[in-house]
*Asks:* 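Provided herewith is a single structure, encoded as structure tokens, for subsequent inquiry.
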Amino acid sequence: MKLNIAMIVKNESRSLRKCLEAAAPYSDDIIVVDTGSTDDTCEIAGSFPQVKLYHFDWVDDFSAARNFSLERSEENGADYTLVLDADEYLRRPKQDVRQFLKEAGSGWAGYLVRYDQFYNDDDQIDVSKTRTTRLLPRGVRYEGIIHEQPVFDGTRIYTPFVADHDGYLDRSKGKRNLTYLEKAIEQTPDDPYLYYQMGVALRSEKETIRASEYFGRFYDMIHDSPEAFTADYVRDGVIRYLYTLTDLNSTESLGTALQIVKDTEKYFTDNTDFYFYCGIFYMKLVLSDTAKYISYLPLIEKSYQKCLDIGERDDAMTVKGTGSFKAYHNLGLWYQLNGQEDKAQECFDKEKSTSGIL
């Protein structure tokens with residue numbers, strides 16, 4: 001079974017060599033489709049013997065470019081194609097890739113597990129774990145002009161492929177994506193995924209009010225559907241919406257956040273990101289109106305303790321540390337605030353001992 005890698009690139013000289021060096025041992029051919037680079041991207045690509053370099057005239061449609069790369073991959077004999085971006089760097093697989101393909105058979109699509117670096121609200125770098133369908137059988141194609149998704153109705157399975165991703169640290173891409181997202185929403189106004197992505201992009205640009213509006217429309221589309229909460233992006237979107245409402249810090253926004261927490265907790269019982277948010281939120285809620293919300297005070301400690309009870313799970317698509325060192329840190333601060341120095345120190349010690357899990 002032949003495995004190719006396919007990517008679309010433009011001005012990726014910062015990261016392309018690192019990406020290709022990491023990917024080369026696990027593929028037959030590497031299909032690189034350049035969409036108009038003006039730096040030395042093409043020269044870097046051409047220096048790798050496995051690379052087959054093609055050029056594609058950009059038409060403001062990421063799916064069109066992705067599909068062109070898949071067509072070239074299949075022309076070069078691919079049974080399966082692993083789709084990568086130039087800012088994704090494969091880790092050494094824990095299982096032999098060829099043996100995995102031999103045993104897995106055919107008729108499925110596979111997840112790439114990705115560790116995404118991003119700036120948190122304090123402009124510190126956090127890491128979240130996500131999964132995205134990237135190992136595609138022949139004939140599968142993408143749709144969507146931005147944040148494109150493969151169209152596949154069959155079984156999706158985990159693969160040995162894991163990658164580190166640092167593309168979110170480039171803040172310029174957020175502004176670029178806004179134009180494409182506006183156009184995509186005009187074309188498909190009933191797709192909650194697009195409103196979620198618009199909220200993400202606006203939040204990254206610190207446009208909190210506009211972000212809350214798009215997240216609100218996203219939430220209106222999915223909140224009555226239990227099935228929707230099986231999607232990773234829906235759970236992530238609800239949590240991002242909650243943080244955005246808390247950032248607004250108005251009586252109305254905090255009240256909306258409280259109702260959403262109550263309505264959706266049943267979908268997050270094993271999610272450390274949700275309970276980590278709750279610990280922050282209940283503190284802000286009590287401070288906003290102590291007389292009204294004093295009964296929520298014990299939930300601050302309980303929320304962080306719930307994070308630690310769940311812990312860091314290999315199968316969880318969450319921010320690293322919300323089940324360990326981040327929760328210990330915030331719980332320690334809570335104990336310190338309440339004069340419980342022994343408990344606070346115990347948490348800070350455990351924070352240090354678990355902070356190397358990344």
*Asks:* Using a 6.0 Å distance limit plus a 45 degree cone around the ring axis, check whether Arg91 lies over the aromatic ring of Tyr115.
*Replies:* yes

*Asks:* Indicate the ring-plane relationship of Phe215 and Tyr196, choosing parallel, tilted or perpendicular according to the 30° and 60° boundaries.
*Replies:* tilted

*Asks:* Is Val127 reachable from Phe118 through a run of I, L, V, M, F, W or Y residues, each pair having side-chain heavy atoms under 4.5 Å apart?
*Replies:* no

*Asks:* Checking side-chain polar atoms at under 3.5 Å, does Gln345 have a donor or acceptor matched by the opposite partner on Asp349?
*Replies:* yes

*Asks:* Would you kindly check if the NZ (Lys) or CZ (Arg) of Arg210 is within the cone defined by 45 degrees around the ring axis of Tyr214 and under 6.0 Å from the six-membered ring centre?
*Replies:* no

*Asks:* Checking Lys306 against Tyr275: charged group under 6.0 Å from the ring centre and within 45 degrees of the axis?
*Replies:* yes

*Asks:* Got a sec, which hydrophobics cluster with Phe348, joining ILVMFWY side chains under 4.5 Å apart, including via others?
*Replies:* Leu333

*Asks:* Ignoring hydrogens and angles, write down the donor-acceptor pairs under 3.5 Å from the side chains of residues 58-66, residues two or more places apart or on other chains.
*Replies:*
from, atom 1, to, atom 2, distance (Å)
Trp58, NE1, Asp60, OD1, 3.1
Trp58, NE1, Tyr180, OH, 3.0
Asp60, OD1, Tyr180, OH, 3.3
Asp61, OD1, Ser63, N, 2.9
Asp61, OD1, Ala64, N, 3.1
Ser63, OG, Glu143, N, 3.3
Ser63, OG, Glu143, O, 3.2
Ser63, OG, Gly144, N, 3.1
Ser63, OG, Gly144, O, 2.6
Arg66, NE, Glu148, OE2, 2.9
Arg66, NH1, Asp85, OD1, 3.2
Arg66, NH2, Asp85, OD1, 2.5
Arg66, NH2, Glu148, OE2, 3.4

*Asks:* Are any non-hydrogen side-chain atoms of Val319 and Lys326 less than 4.5 angstrom apart?
*Replies:* yes

*Asks:* For Lys206, I'd like to know if atom NZ has over 12 heavy atoms of other residues, nucleotides or ligands within 6.0 Å.
*Replies:* yes

*Asks:* Flag the pair Leu112 / Thr159 as yes when at least one side-chain heavy-atom distance between them is below 4.5 Å, and no otherwise.
*Replies:* no

*Asks:* Do Arg131 and Tyr111 form a cation-pi contact, if we require the NZ or CZ to be under 6.0 Å from the six-membered ring centre and within 45 degrees of the ring's axis?
*Replies:* yes

*Asks:* For the residue pair Tyr233 and Tyr193, does the interplanar ring angle fall in the parallel (under 30°), tilted (30 to 60°) or perpendicular (over 60°) class?
*Replies:* perpendicular

